[in-house]
Amino acid sequence: MTGGARARRREAMQRLDEWFAGRGWRPLRFQKALWRRYLAGESGLLNTPTGSGKTLAAFGGPLLEVLGAAAASAEPGSRAKPRRTPSRPLAVLWVTPLRALANDTVRALREPIGELGLDLAVGMRTGDASARDRRLARAGKLDVLVTTPESLSLLLSYPDSAGHFSGLRCVVVDEWHELLGNKRGVLLQLTLARLRRLSPDLRLWGLSATLGNLDEARDVLLPHRPDAPIVTAARARRVTVTTLLPEEGERFPWAGHLGLSQLARVVAAVQGARTSLVFTNTRSQAELWHQALSAVWPGRPGDIALHHGSLDPKLRAATEAGLRDGSLRCVVATSSLDLGVDFPEVDRVFQVGSPKGVARLLQRAGRSRHRPGEAGQVTCVPTHALELAEYAAARVALAEGRIEARRPPVLSVDVLAQHCVTLALGGGFDAAGLYREVRGTHAFAALEPAAWQAVLDFIVQGGRALENYPDYRRVVRGEDGIYKVEDRRIAFRHRLSIGTITSDGAVSVKFLRGGGLGSVEEGFIARLRPGDHFQFAGRTLVLVRLESMTAYVRLARNASGQVPKWQGGRMPLSSELAHEVERQLASPGDVPEMRAMAPLLRLQERLSGLPGPGKLLVESVKRRDGRHMFVYPFAGRQTHEGLAALLALRWGRRTPNTFRYAANDYGLVLTPAQDLEPDADLLRELMSPEGLRQDLEESLNLAELARRQFREVARIAGLLPPSLPGRAVRSMRQLQASSSLLFDVLQRYDPDHLLLRLATEEVWSTQLDVQRLQEALADCARRRIELHAPRSLTPLAFPLWAENLRSGELSTESWKARVQRAAAELERRHGG
DNA sequence: GACCTGCTGCGGTTTG
């Protein structure tokens with residue numbers, strides 16, 4: 001650095017200090033550290049909790065440059081502002097996963113940016129961004145643009161985008177941990193690779209919460225900078241976890257997930273706080289808790305509100321506003337409030353039911369007392385007894401800083417295909433150059449030439465089986481070798497379907513006069529008849545009529561009705577937490593939760609035995625409804641499901657039989673239709689890691705799983721038509737039909753199609769998580785099998801037994817044998 | 001002596 005440059009930098013730092021001082025702020029150490037690295041031309045990852053000054057930390061660098069430029073051009077002592085000229089290209093791009101965060105960031109930056117004579121806008125979907133912002137973003141006449149990964153991808157689909165991005169100095173990726181582990185993150189990786197090519201010198205900073213794999217998070221964001229720094233905010237925010245414990249002698253439910261038995265305690269606690277957030281794990285649970293709290297709340301009826309992902313955005317916005325201005329006392333919410341704008345008024349957070357993961361509990365606790373220096377707080381509300389151990393486990397894991405990792409997906413060729421069409425639309429690409437660029441990302445570093453060619457073939461002609469359909473011939477390779485989109489209709493449709501979030505058609509719920517309430521699943525509303533009551537959006541409603549995917553309703557005068565259920569994610573307990581639960585049960589720590597659990601654990605021990613890291617607890621219980629074999633590997637629900645199917649298949653192979661099975665986060669249960677007594681040797685054999693893949697293939701209906709996965713993959717890759725704006729929403733059944741048809745056609749005529757292969761691969765890796773299953777088997781093999789035959793269901797067994805009542809079965813018995821057995825049973829019962 | 005879940009996120013103006 002020359003002396004002049006150093007002087008300019010010093011002056012810029014000084015001006016930034018003044019600028020901060022003018023607002024009554026003092027830059028923190030990590031903020032200054034970040035600015036110095038930025039000025040040295042570095043890229044990196046900033047690891048900090050939300051609300052810790054990260055926005056200004058990340059923005060300070062670009063700000064410094066502007067101030068530096070101003071200082072360089074200004075007369076000594078003057079405060080001349082840089083003037084925007086039409087020729088100046090976009091300098092800073094801020095990417096955030098949430099529209100709400102984008103708007104918030106703009107609010108935070110608008111004043112200082114404006115003061116410097118710079119132009120800032122948020123560029124995104126109509127309705128949120130002003131027409132001016134959209135115009136400026138498209139035209140590239142901005143200094144700073146705040147946007148989402150999808151909108152950014154959209155910008156790349158316009159041919160003039162390259163020019164706008166060529167002068168880019170800095171890209172900030174906010175909440176990178178939220179994108180890292182999913183396909184939105186993959187799309188962003190591809191987009192960033194493109195930006196790096198358009199502006200090779202740009203600096204890239206990611207902002208991330210603490211993760212189990214921060215190094216990997218850095219490598220995925222910055223594959224071109226292997227040793228990029230990770231800057232950590234000096235001090236992590238402290239978090240206090242407390243639990244609403246049962247009274248002495250009070251008995252807790254052994255199973256169940258609603259937790260309404262704790263209502264009175266929660267109401268008392270909410271009354272004692274200024275503003276509370278009550279987090280639940282599911283939307284229907286949020287509806288139920290909102291209803292229950294409102295029914296017994298002694299204050300104003302308007303004090304309590306509801307927030308979840310199926311509510312109309314307007315209702316959600318109103319609730320968020322109430323939280324911001326402190327007019328609400330309590331909001332019942334799902335993960336929809338995990339992220340987003342901060343609410344300093346919230347001083348108490350409740351978590352109803354299982355925390356599911358350490359990161360998740362930490363995130364939720366972080367929503368409370370969001371003021372500098374104050375510790376976050378969360379109060380856990382158990383819905384059944386075993387959850388006490390989960391809270392204890394979460395606290396231990398938290399104290400030891402064991403936060404879950406988020407694994408980045410690789411080789412998601414559906415996203416790649418979408419990105420290629422976007423670029424073909426945005427001025428076109430040459431295959432060799434793009435291949436190099438794409439290989440520069442973490443997600444596609446291992447992309448083979450053949451796979452790349454398959455992606456190109458796919459966007460050019462849809463694949464062998466589809467080449468006769470013009471709709472699938474989206475991209476044309478010109479004589480100059482450049483891949484382009486020529487059809488305007490295809491361009492329009494592609495822009496509509498940019499992004500990786502796929503959601504199935506839902507029925508929107510509206511008042512007759514037009515006010516929207518949100519959406520429910522088709523299956524739920526289909527079960528209702530006009531005049532039926534149901535609970536939704538915190539109200540009791542009457543269905544008036546159902547018309548083209550819209551349910552028209554009016555308010556019910558009284559009465560209650562069913563609460564909708566949504567088919568959502570499965571949310572298994574993280575392995576970190578599951579294994580810590582096992583340790584807690586084996587040797588309870590000296591914490592209140594485990595003390596409260598002591599009687600239950602004594603009962604478990606007396607009836608059977610306690611689990612423990614070195615052993616595999618197995619219980620064989622004979623009851624009137626049959627024999628049940630319970631196994632507790634503590635490997636998380638998903639793994640146990642696969643394991644149960646596997647054991648059922650293998651056991652049935654030895655002795656033809658029919659098995660029911662069920663799984664939860666702690667273990668699994670197998671119920672043979674014909675009594676069979678398990679022994680340790682048999683179990684060893686059933687759990688052999690050998691032949692795992694083949695056996696799973698045989699035991700699960702993989703074709704059906706792949707068919708479902710294919711729908712998602714095909715939508716991202718652009719094989720399924722998007723629902724067009726202004727037209728009636730396609731119903732889920734229609735979409736399923738067209739996806740299913742495609743699936744069949746491809747399977748028959750083009751079984752190697754890249755999307756079929758991807759769908760199958762995703763079933764193995766994400767739905768079955770074959771790797772975790774393999775590890776669980778290996779882990780079980782290392783353990784000593786401890787087989788008990790308790791005379792009744794144990795506390796660990798009971799929830800599984802209850803679960804079993806509603807779960808599937810697998811049979812290796814011939815149909816004839818089953819019919820004969822059923823007949824014999826009838827005979828026995830009714831006398832033959 | 002008990003009881004039965006399942007999250008979140010985004011995106012637009014062509015042609016018939």
Side-chain angles (χ1 to χ4, degrees), chain A residues 96-102 124-129 134 138 147-155 157-158 175 178-179 181-185 187-188 251-259 261 279-288 307-310 313 333-340 352-354 356-357 360 363-364 383-385 418 422 487-503 563 565-573 600 603 607 637-638 662 664-665 715-716 722-727 792-795 797-807:
Chain A
T96 157
L98 240 62
R99 291 203 298 255
L101 276 178
M124 59 176 102
R125 198 176 126 145
T126 327
D128 279 11
R134 286 187 59 76
R138 274 285 303 279
T147 189
T148 59
E150 287 80 7
S151 293
L152 177 55
S153 179
L154 199 56
L155 282 179
S157 79
Y158 297 106
E175 311 275 357
E178 285 296 323
L179 298 167
N182 55 46
K183 289 186 181 177
R184 294 185 80 193
L187 184 65
L188 185 58
R251 195 173 256 137
F252 248 46
W254 282 18
H257 296 90
L258 282 182
S261 61
F279 281 112
T280 65
N281 286 336
T282 72
R283 285 164 278 183
S284 56
Q285 195 179 17
E287 292 271 354
L288 283 165
H307 198 282
H308 62 69
S310 290
T334 60
S335 314
S336 54
L337 278 186
D338 270 359
L339 280 179
V352 179
S354 169
K356 299 293 180 185
R360 185 183 166 96
Q363 175 70 44
R364 293 188 165 181
T383 65
H384 72 250
Q418 183 189 102
T422 301
D487 186 331
R488 286 166 70 86
R489 226 181 86 247
I490 285 174
F492 172 65
R493 271 181 36 175
H494 180 74
R495 291 201 174 102
L496 268 176
S497 54
I498 277 181
T500 64
I501 300 171
T502 60
S503 46
V563 174
K565 279 176 190 159
W566 288 265
Q567 203 62 249
R570 302 273 278 174
M571 288 188 287
L573 199 64
L600 195 74
L603 181 61
L607 287 173
R637 161 140 198 176
Q638 209 181 10
N664 66 14
D665 283 319
R715 257 197 271 185
I716 293 174
S723 52
L724 294 173
R727 312 250 173 111
S792 69
L793 294 173
T794 65
F798 183 77
L800 275 168
W801 176 78
E803 183 82 21
N804 201 0
L805 297 180
R806 54 179 197 103
S807 57

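Excluded from the calculations below are hydrogen atoms, water molecules and symmetry mates; all remaining heavy atoms, backbone and side chain alike, are included. In what follows, every chain begins at residue 1, and chains take the letters A, B, ... in the order their sequences are listed.
Listed nucleotides: B:dG6, B:dG11, B:dG9. Nearest to the side chain of A:I501: B:dG9. Picking from B:dG6, B:dG11, B:dC3 the nucleotide with the shortest atom distance to the side chain of A:W801 gives B:dC3. Out of B:dT8, B:dT13, B:dG6, the shortest distance to the side chain of A:H308 is found at B:dT8. When the nucleotides B:dC7, B:dG11, B:dG9 are ranked by their closest atom to the side chain of A:S151, B:dG11 comes out on top. Of the candidate nucleotides B:dC7, B:dT13, B:dT5, B:dC7 has the atom nearest to the side chain of A:R360.
A search for side-chain contact (heavy atoms from CB on, under 4.5 Å) contacts involving A:T502 returns A:E712, A:R715, A:I716, not counting sequence neighbours. Taking A:H308 as the reference, A:W566 meet the ring pair (Phe, Tyr, Trp, His ring centres under 6.0 Å) condition, with sequence neighbours excluded.
Rounded to whole Å, atom C1' of B:dC3 lies 15 Å from atom CD of A:Q285. Per the geometry, CG belonging to A:L155 stands 14 Å off C1' belonging to B:dC10, to the nearest Å. At whole-Å resolution of the value, CZ in A:F279 and C1' in B:dT8 are 12 Å apart.
Within 4.0 Å (heavy atoms only), A:T282 reaches at least one base atom of the nucleic acid. Across all strands, A:K356 comes closer than 4.0 Å to base atoms (heavy-atom distances).
Between the side chains of A:S336 and A:R283, no donor-acceptor pair is found at a separation under 3.5 Å.
Screening A:N182, A:L179, A:T148 for a side-chain contact (heavy atoms from CB on, under 4.5 Å) with A:P97, the sole residue that qualifies is A:L179.
OP1 and OP2 of B:dT13 both lie 4.0 Å or more from every side-chain N or O belonging to A:R488. Contact check, A:T500 against B:dC10: no side-chain N or O comes under 4.0 Å of OP1 or OP2. At the phosphate of B:dC7, OP1 or OP2 sits under 4.0 Å from a side-chain N or O atom of A:R283. At the phosphate of B:dG11, OP1 or OP2 sits under 4.0 Å from a side-chain N or O atom of A:T148. OP1 or OP2 of B:dG9 has not a single side-chain nitrogen or oxygen of A:S336 nearer than 4.0 Å.
Where stacking is scored as ring centres under 5.5 Å apart with planes under 30°, A:F798 registers as stacked on the base of B:dA2.
Take the nearest nucleotide of DNA chain B for A:R184 and for A:D487: the residue whose nucleotide is more 5' is A:R184. Nearest-nucleotide mapping onto DNA chain B: of A:T502 and A:S284, the residue sitting toward the 5' end is A:S284.
Salt bridge annotation for A:R184-A:E150: present, with a cationic side-chain nitrogen under 4.0 angstrom from a carboxylate oxygen.
In terms of polar N and O atoms assigned as donor or acceptor, the side chain of A:S335 comes within less than 3.5 Å of the base of B:dC7 in a complementary pairing.
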